[in-house]
4 protein chains.
Amino acid sequence: MARTKTVSVEQGKSSSEGSTRERPFPPGRIKIANAFIALLEQKEFSAITTAEIAKKAGVTEALIYKYFEDKRGLLHQVLKEYLEQYLVQFERDLKGIKGALNKIRKLIWGHISVYSANRVFAKILFLEVRNHLDYYSSDTYQLIRAYSKILLEIIDEGVSNGEIRSDVPPKLIRQVIFGSIEHVCLTGVIFKGEISPDDLTEDLCKFIFRGIEPVRE
Amino acid sequence: MARTKTVSVEQGKSSSEGSTRERPFPPGRIKIANAFIALLEQKEFSAITTAEIAKKAGVTEALIYKYFEDKRGLLHQVLKEYLEQYLVQFERDLKGIKGALNKIRKLIWGHISVYSANRVFAKILFLEVRNHLDYYSSDTYQLIRAYSKILLEIIDEGVSNGEIRSDVPPKLIRQVIFGSIEHVCLTGVIFKGEISPDDLTEDLCKFIFRGIEPVRE
Amino acid sequence: MARTKTVSVEQGKSSSEGSTRERPFPPGRIKIANAFIALLEQKEFSAITTAEIAKKAGVTEALIYKYFEDKRGLLHQVLKEYLEQYLVQFERDLKGIKGALNKIRKLIWGHISVYSANRVFAKILFLEVRNHLDYYSSDTYQLIRAYSKILLEIIDEGVSNGEIRSDVPPKLIRQVIFGSIEHVCLTGVIFKGEISPDDLTEDLCKFIFRGIEPVRE
Amino acid sequence: MARTKTVSVEQGKSSSEGSTRERPFPPGRIKIANAFIALLEQKEFSAITTAEIAKKAGVTEALIYKYFEDKRGLLHQVLKEYLEQYLVQFERDLKGIKGALNKIRKLIWGHISVYSANRVFAKILFLEVRNHLDYYSSDTYQLIRAYSKILLEIIDEGVSNGEIRSDVPPKLIRQVIFGSIEHVCLTGVIFKGEISPDDLTEDLCKFIFRGIEPVRE
DNA sequence: CATGAATGAGCATTCATTCAT
DNA sequence: TATGAATGAATGCTCATTCAT
């Protein structure tokens with residue numbers, strides 16, 4: 001079973017300058033972030049209290065407010081750090097892959113993999129953050145949009161080179177892809193079942209690429 | 001813009017005939033349910049206070065607890081009544097339709113239509129209720145399962161008679177269908193955009209039935 | 001185990017007059033009183049709600065207020081009916097008994113017997129009613145005072161005729177007697193243990209009559 | 001009139017010596033405890049609201065829950081601190097006293113003295129706490145049991161050395177002693193009358209030691 | 001870098017009680 | 001004789017958040 005790693009992302013220098021190098025997060029901050037993530041694995045965000053976080057982290061509640069705007073800020077921050085990491089990885093994954101369909105396959109696999117490895121991440125994303133309006137004006141949302149845009153570009157590329165049919169709106173295609181991935185993973189996340197990236201990707205692609213109907217001739 | 005109708009389901013008929021018949025809901029109950037639904041259109045469940053509901057309904061807070069278990073119970077109850085109504089309609093819709101693909105098309109259309117007509121309903125379903133474990137042991141969940149089962153049977157039927165390919169697990173197909181519908185609608189719901197059942201159904205089916213790839217001649 | 005009888009006292013005419021004879025309590029009233037008593041056996045007064053009483057009685061809450069002033073009135077009423085019954089019995093018991101000590105013995109036995117047979121009664125008396133000031137201005141308190149006065153008179157009688165020492169204030173003697181009885185029974189009531197009137201009376205009298213010290217010959 | 005002292009027990013010493021030492025209670029906690037005790041003198045526990053306590057203490061309601069489990073926890077805590085203090089005193093009082101009867105006399109005196117000096121204490125003990133089942137599984141109950149056990153041992157000692165008659169069960173003797181004390185004090189507490197430890201002890205012992213009957217030559 | 005102490009505002013829920021029918 | 005519908009008022013408790021040290 002893929003254990004969610006609770007080691008808080010060591011932030012590389014967000015923007016590097018000459019001097020002291022990327023300084024690591026102070027211990028308190030790390031403890032808080034980890035405690036929070038651990039808690040998220042057990043219960044939903046709104047059910048988590050600052051008192052709980054502080055206790056689990058072994059610090060005082062006040063310290064949370066030293067490092068984060070507020071409770072929701074903590075959520076966004078943690079999510080953002082996760083996401084940034086994933087996007088870097090994702091870009092690398094896509095490098096050197098030829099063909100729109102192949103890229104889509106890789107994207108699906110990568111997407112499912114993250115969800116599979118870090119269920120909390122998945123849970124946060126589609127159960128906590130997305131429902132709130134503040135999300136849509138957050139940094140995180142911009143990251144997600146960037147990611148989402150990449151898929152759209154791949155689809156456009158596919159349409160251009162004839163790999164993908166042109167009689168269905170690309171945006172709809174994108175929605176179906178994301179919708180399928182998430183629905184499939186949601187089930188796994190909620191029921192804490194196994195999620196097998198390889199198998200799921202295989203089946204999903206088979207389906208998405210060629211549809212529901214059997215091969216005509 | 002499709003206005004969500006706030007008329008609480010009149011269960012049974014209000015005017016009795018014959019004997020004791022199931023009596024109509026008392027006015028207070030109806031007012032509460034409607035006020036609650038109206039509120040749900042504006043804000044998320046956890047942000048709605050009982051005081052607000054009572055005020056909007058023009059009754060006292062205490063009355064809420066006369067008719068519903070608690071705040072969450074109110075949510076479930078309202079949802080359940082909605083759902084029951086929809087399922088009746090849905091069964092009727094499906095009557096007389098031949099062919100698995102045609103049935104799926106109808107189902108998709110019906111599903112989107114409900115979401116389109118009753119955004120609150122959609123919102124409740126995938127933003128409020130589903131995230132909580134108590135949902136999965138509720139009456140509502142049973143209704144949803146029944147509904148879900150119907151789709152699976154249609155798919156099985158399609159596989160049997162050759163309408164649907166057999167090399168992809170039926171359950172995955174179901175997940176993709178539901179996932180697609182919901183992702184597509186979610187966008188509409190969240191951004192309060194138009195949702196056109198006819199167009200969406202058309203595109204979705206085009207896609208789901210024949211996949212992403214262009215026709216191979 | 002002496003089961004508390006839950007049959008509400010059929011009130012004899014409180015004060016008789018010529019006409020229609022003691023009319024029995026209406027069924028609703030009886031059901032309420034019985035339900036209440038049954039509830040008192042399980043939990044303390046303040047933990048019992050009118051809703052509960054009504055439900056157990058199979059009537060509406062409103063009916064309680066038809067027959068009783070309010071919740072506390074119900075308590076007092078029930079208690080009073082119990083008490084009146086007991087006092088009648090008690091007076092009869094005392095008839096024909098000679099000697100202060102013998103009378104005291106009989107009183108102790110009677111007192112313990114009631115507690116033993118009707119634990120609810122005991123519980124109400126020393127856990128619910130007595131703590132509240134309204135008790136001390138109630139009918140019930142007058143009954144208790146009457147009862148209490150009888151004991152004092154017996155003691156006085158004993159002092160006069162030399163059966164009882166005169167160098168201890170009679171009122172203190174009375175307090176010790178009541179205190180002993182109640183402490184002994186309280187234990188039984190709270191821990192739901194057996195209470196044996198005969199044995200307890202025997203031991204208590206042995207002690208109260210001759211004190212803690214061994215016989216000095 | 002013996003005024004109940006409202007100074008909350010300073011646990012440990014406030015001024016540290018040596019190392020880390022148990023630090024004194026924070027001011028808020030002390031204020032809460034004192035306010036609560038003061039309130040208990042005026043009304044019964046269930047009639048005291050958290051709002052009241054907070055107001056009287058000059059703190060916010062929330063602070064109550066920082067220092068105490070809940071309202072009932074506050075009651076138990078306050079009682080426990082009182083009790084612990086008393087038991088220490090009590091053990092010292094008993095030191096150096098010879099003879100079971102003398103010890104009993106001292107115990108009675110001490111017991112009445114506490115009640116007399118701290119009526120709230122008495123009130124809490126036999127009107128609030130004792131009626132609830134949670135009491136019987138509390139720390140406080142253990143303290144009371146310890147205290148109660150001491151009396152039993154004294155009685156046993158008296159039986160052994162011939163000071164106390166052996167034909168009455170020691171436990172019953174204990175019950176009579178406690179029952180008498182409490183009944184006698186209860187009257188004082190409820191009617192806010194004077195309680196004179198010296199006189200009461202004198203009379204009670206006279207009675208308990210030698211019983212109700214006059215001296216037989 | 002971190003904490004102890006304290007707060008302010010909210011909020012679900014309970015319950016006895018009333019009254020027209 | 002009894003009920004269905006509705007209420008008013010209270011209350012315990014939670015929680016995110018602040019700030020001096």
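Here is the naming used below: chain letters follow the sequence lines, and residue numbers restart at 1 for every chain. Everything numeric here is computed off the predicted structure, so don't read it as measured data.
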Quiz prompt | Distance, nearest 0.5 Å, that separates CD of B:E81 from OG1 of B:T140 | solution = 10.0 Å
Quiz item: Which residue lies toward the 5' end of DNA chain E, D:G28 or C:E69, if each is placed at its nearest nucleotide?
Solution: D:G28
Quiz item: Under 4.5 Å between any side-chain heavy atoms of B:Y82 and B:V120, yes or no?
Solution: no
Quiz item: Do D:L83 and D:F121 have side chains that get closer than 4.5 Å, going by heavy atoms?
Solution: yes
Side chain of [X], heavy atoms from C-beta onward: which of [options] has the nearest atom to it?
X: C:T60; options: F:dT3, F:dC19, E:dT7; answer: F:dT3
X: D:K71; options: F:dT1, F:dC13, E:dA16; answer: F:dC13
X: D:A62; options: F:dA16, E:dT7, E:dA5; answer: E:dT7
X: D:D70; options: F:dG12, E:dT3, F:dC13; answer: F:dC13
X: C:E61; options: E:dA5, E:dC1, E:dA16; answer: E:dA16

Self-check item: Position toward the 5' end of DNA chain F (nearest nucleotide), A:I48 or B:K31
Solution: B:K31
Quiz item: 5'-most contact on DNA chain F: D:T49 or C:K66, nearest heavy atom basis?
Solution: C:K66
Could you state the atom-to-atom distance from [atom1] of [X] to [atom2] of [N] in whole Å?
X: C:I32; N: F:dT3; atom1: CD1; atom2: C1'; answer: 12 Å
X: C:L63; N: F:dG4; atom1: CG; atom2: P; answer: 11 Å
X: D:I64; N: F:dT11; atom1: CD1; atom2: P; answer: 13 Å
X: B:F45; N: E:dA12; atom1: CZ; atom2: C1'; answer: 11 Å
X: C:I30; N: F:dT1; atom1: CD1; atom2: C1'; answer: 13 Å
X: A:R72; N: F:dC15; atom1: CZ; atom2: P; answer: 16 Å
X: A:K55; N: F:dT14; atom1: NZ; atom2: P; answer: 14 Å
X: A:K43; N: F:dC15; atom1: NZ; atom2: C1'; answer: 13 Å

Self-check item: Opposite nucleotide pairing with E:dT17, Watson-Crick or G-U, both atom distances under 3.5 Å
Solution: F:dA6
Quiz prompt | D:Y65 side-chain N/O to F:dC13 phosphate OP1/OP2 under 4.0 Å | solution = yes
Quiz item: Hey, does A:F68 reach any base, or is it just sugar-phosphate, or nothing, if we go heavy atoms under 4.0 Å?
Solution: nothing
Quiz item: Would you say the side-chain atoms of B:K80 pair up with the backbone N or O of B:S138, donor to acceptor, closer than 3.5 Å?
Solution: no
Practice problem: Return the minimal non-hydrogen interatomic distance between D:A57 and D:K31, and the atom names on each side. | Solution: O-CD, 3.3 Å
